[in-house]
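Working notes for the structure below.
All heavy atoms count here, side chains included; hydrogens, waters and symmetry mates do not. So you know, we letter chains A, B, ... as the sequences are listed, proteins then strands, and number each from 1.
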Amino acid sequence: MDWMDLKEALTGGAASDGEGSDGAGSGLLEGLNGPQEEAVLHGDGPMLIVAGPGSGKTRVITTRIAHLVTQRGVAPWEVLAITFTNKAAREMRERFERLVPPVDSSSGSPSGAGGHAAPRGSGAWIGTFHSMCARILRREIEALDGYTRDFSIHDTSDRNGLIKSLIKELGYDPKQFRAPVVGNWISAKKNGRGKEDGYELGDGSMEEDVFRQVAARYEERMRQQNALDFDDLLLKVLELFDAHHGIRDAYATRFRHVLVDEYQDTNRVQYRLVRHFASFHSNLTVCGDPDQSVYGWRGADIRNILDFEVDYPNARVVRLEQNYRSTGKILDAANCVIANNSARKEKDLFTEGDEGEPPVVIECGDENDEAREIAAQIRSHVAKGGRYGDCAILYRAGFLQRAIETALRYDGVPYQVVAGLEFYQRREIKDLVAYLRLALNPADDVAFARVVNTPSRGVGDTSMGRLQAFASARRLPLSAALRESDALAEIRGRAKKGLAEFAALLEELAPARDLDAAVALDLVLESIDVDRWLAELDDGSMTVDRAANVEELRVFAEDYDARSPEGKLRGMLEEVALVADSDAPEPTDDATKLMTLHACKGLEFPYVFIAGVEDELLPHERAVDEAVEPDLAIEEERRLFYVGITRAEKKLLMTYTTYRSFYGGGRQTLPSRFLHELPKDGIEGSGSSDLEEDVLGEFDASEGAGAGLGVGDMVIHPHFGRGKIEQLTGAGINARATVVFVREGRKQLLLQYASLERMES
DNA sequence: AAATCCGCGTTTTTT
DNA sequence: ACGCGGATTT
C-alpha cells in the first residue's frame, strides 16, 4: 500500500491541521484529538458520538471501523455501518478501504449470510438503511408470505401513480384526493407517525376514511404484484425479524459491531431496526448532532438521539466539539444562535484556529439587489485571487434561486445548482427500467402499465381498462391475464394486435432475469427497437439527450456487471432503484454552488452566503404555521440556520431584503429574528445606516478607485478587461457604474467591489 | 395522437 | 408570474 495514501486517509479532510511527524506503525490514531481517539478506541458496548459540525466525524467513524478490524479482530463482514445517503455510504466505504485495503472479497464471506450480497472490496456492510434492507430481503423475504426474491422496488412516483389509479378505481375524485397527499399519509402511517404531521384535514374522519380505503387497497395491490415501496423495504425487515427470531438473531450475531451515522435523522422504524441489530451485543455506535436535525418534517425523530442514553443506560457519550472547519467568529455566531434552542444536548464548538473575520449582515432593497450584492462580493473575492468554487450561496426555499442565478449570469460568475433527483426520473430511463423490472417480476403491474404502450402499440385507456377489469376479477397480474385467451375477447383492432405484440415481447424478455445486467438491457433495447422508440419520444429537441441517457444506463449496467458479477439483473435493478444519484453531478471545476439550506448539510465552503435571512422565510412561516408544535418548528428552522452558518470556513455573509417579490406579488420583509441572536459584537452590518462606514472603510481601495471616475472614462477591470463607463448611479455603498466592456458587453458594477482602474488614454 | 387551454399551487427531499 | 398536469379540443 502507498504510504501517502494511507496518511492522507488518516489525516484526511478537515482534521489535517495539527498533525505531527510521521510516526510509523500504529498510524491510525495519528492526529486525533482526545475525544476523537476515545471514540475510535472504545471497545464493546453502546456509544453515542455527539459530533458537532466540522469535528472530523466521518474520519472518526471510518477510523473506528479500521481499528475494530485491524486491532480488535473483528472481520470486515462483521461490521454494519449505516448511512443516510448513498453518497455518504460511498464516501465512508472509500475512506475505510483506504485504511484497510480490501483483500480478495471471495475469501471473506461467511456461510449463510454471504452470497451475492457480499459487496466488492472489503466485505464490510456499508450502506443506507434501504440498501441494507433490500439486501436482506433478497435473501430472506420468502420466509414471509406472498413475496419472492424477485420483488420489484417501487419509487415514489410509481407509488403515487398506483395510488392515483386506485383513487379513481374507488370512485373518488383525484382532484379532491391528491395522490401525493394520500401517498404521504400512507407513508406517514406506515412509519408510525400519526396526526402530528398535519395530514389530518380539517373535516376529519370522512377524508381519513377515504385515505384508509385507498391505503388498504394499495397494500393489497402491492402484495399482488410482488412489489415493495421504499417504506416497505424497512418494514418488511422488521416484520421478518418479528416473525422469525431465528433470522433476526442470525443477523444480530453476524454483525458484531453496528454503526449508524446521522443518527439524528433516523425515524422510528429505523430506530427499531437498529435496536434489532444491536439486540445481542449492544455494540452500537451512533453518531450525530441533534443541532443538525432538519428533517423532522419527513419523519426524523430527534428523540432517537436525545434519548439514546435512556435506551442504552450504560452508553458512553463522547462529544466532538473541536471544530476544524470554521474560524472563531463564525463558531461564535453558530454557538450563540443554537443556544436559543431547548431540545438539544449541550455542546460548545471551539477551534484552535484563527478568530477570522466577523460574519457580515447586509441589508438589501429587494431580491435583485440582494443577488447583485452577492454576485459583486463573489467577483470581489475572485478579483483578490479567490476561486468561484470557494463560494456557496444558500437559501431556505428554491424560489430565491431565480434572482440569484440571473445576477450571477449577468456578472459572468460561473455557478452550479446543486440539485437532487434527475437521472432516474428521466422518462426514457424509467421506461427501460420498467421493462427490466417486468422481465424479472412479471407481476409488476405498475411497470406493465407504464410500458404497455411504449413504444406505441395502439393500446389506449379503453383496452387497458378492459384488461385491468379482467385481471382484477380473476386476481391475476396483468401479464398473466394477457396470456388468457378470454382476456382479449372484448378487445378489438389495433389494441388487440398491440396487446398480442406486447405479450410476445414479454415472452422474449423472460430469459433476461438470469442474464448479466448489460445483456438483459441489450435484449430489451433490441426487442423494443430502440431507434423507433427514441424517434417516437422525439419532440424535436431532446433526441440526442435521450439517446445519451440510454447509453449512460448501458454503461451503468456494464459497470455494474464488472463490479458485481453475481448480481445480474436483479442486483442492478436494486441499485438503480435505490441509488438515485447514480452519477451525481460531478462538482464542476470552479463554479459557485447554489443550494438550499437542506442540501448543504455535510458540505463546507470557504465563503458562504446565506440569502433571504428574513422572518417568514428563514423561520419559514409555513413551517411554523402548519406545525402542531410551533416552538419545535422554530427550533428546527433555527437548526437549519445553524447548519448554514457552520458550512462556512473563512467568511460568512448573510443578506436580507426589505422588500421581496412572491409569486407575482410582493411584500415588505423584516430581518429574521435569528439575526438578533447573533453575537452583537461579532457581527458587521452593512448597507444600512450607521454601519455603512465600517464597510466602506474595509473596501477603501475600491472607494478610492471609484472616486475619480466619470462617464465616458475608459476603465480596466481585473476580470472583464477594458470597457467604457456609460453611466454612474447611486452614492456611497450603492455607487454603481454601468460599463460597456469590449469583450463582455454591458455590465453593472458596484464600485465598492469592482476595483475598476481608470485608463489614461 | 398532438396541440392548446385552464386552473392550481408554489418549503425543505432521500430512498 | 410561472410551470405543471389534466382536460379539452382538433
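For the pair T596(A) and dT13(B), the criterion of a side-chain N or O lying under 4.0 Å from OP1 or OP2 is met. The phosphate of dT15(B) has OP1 or OP2 within less than 4.0 Å of a side-chain N or O from N86(A).
Remark: R667(A) is positioned above the aromatic ring of F662(A), its terminal NZ or CZ atom under 6.0 angstrom from the ring centre and at most 45 degrees off the axis. With F151(A) as the aromatic partner, R138(A) meets the cation-pi criteria of under 6.0 angstrom to the ring centre and within 45 degrees of the ring axis.
Atoms NZ (K236(A)) and C1' (dT15(B)) sit 18 Å apart, rounded to a whole Å. Between Q264(A) atom CD and dT14(B) atom P the separation is 15 Å, expressed in whole Å. In this structure, K175(A) places its NZ atom 10 Å from P of dG9(B), rounding to the nearest Å. The CZ atom of R660(A) sits 19 Å away from the P atom of dT10(B) (whole-angstrom rounding).
Residue Y663(A) is in base contact, counting any heavy-atom pair closer than 4.0 Å across all strands shown. Across all strands, G460(A) comes closer than 4.0 Å to no nucleic acid atom at all (heavy-atom distances).
The nearest pair of heavy atoms linking E677(A) to V337(A) is OE1-O, 3.7 Å.
Centre separation under 5.5 Å together with a plane angle under 30° holds for the ring of W297(A) and the six-membered base ring of dT12(B), marking them as stacked.
With hydrogens and angles ignored, no donor-acceptor pair closer than 3.5 Å exists between the side chain of S131(A) and the base of dT15(B).
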For this session: Take E140(A) and K236(A) through the test salt bridge (charged side-chain N to carboxylate O under 4.0 Å, His left out) and record every step on the way to the result.
Result: CA-CA 10 Å; E140(A) 317 284 357; K236(A) 286 294 163 193; over 6 Å; no
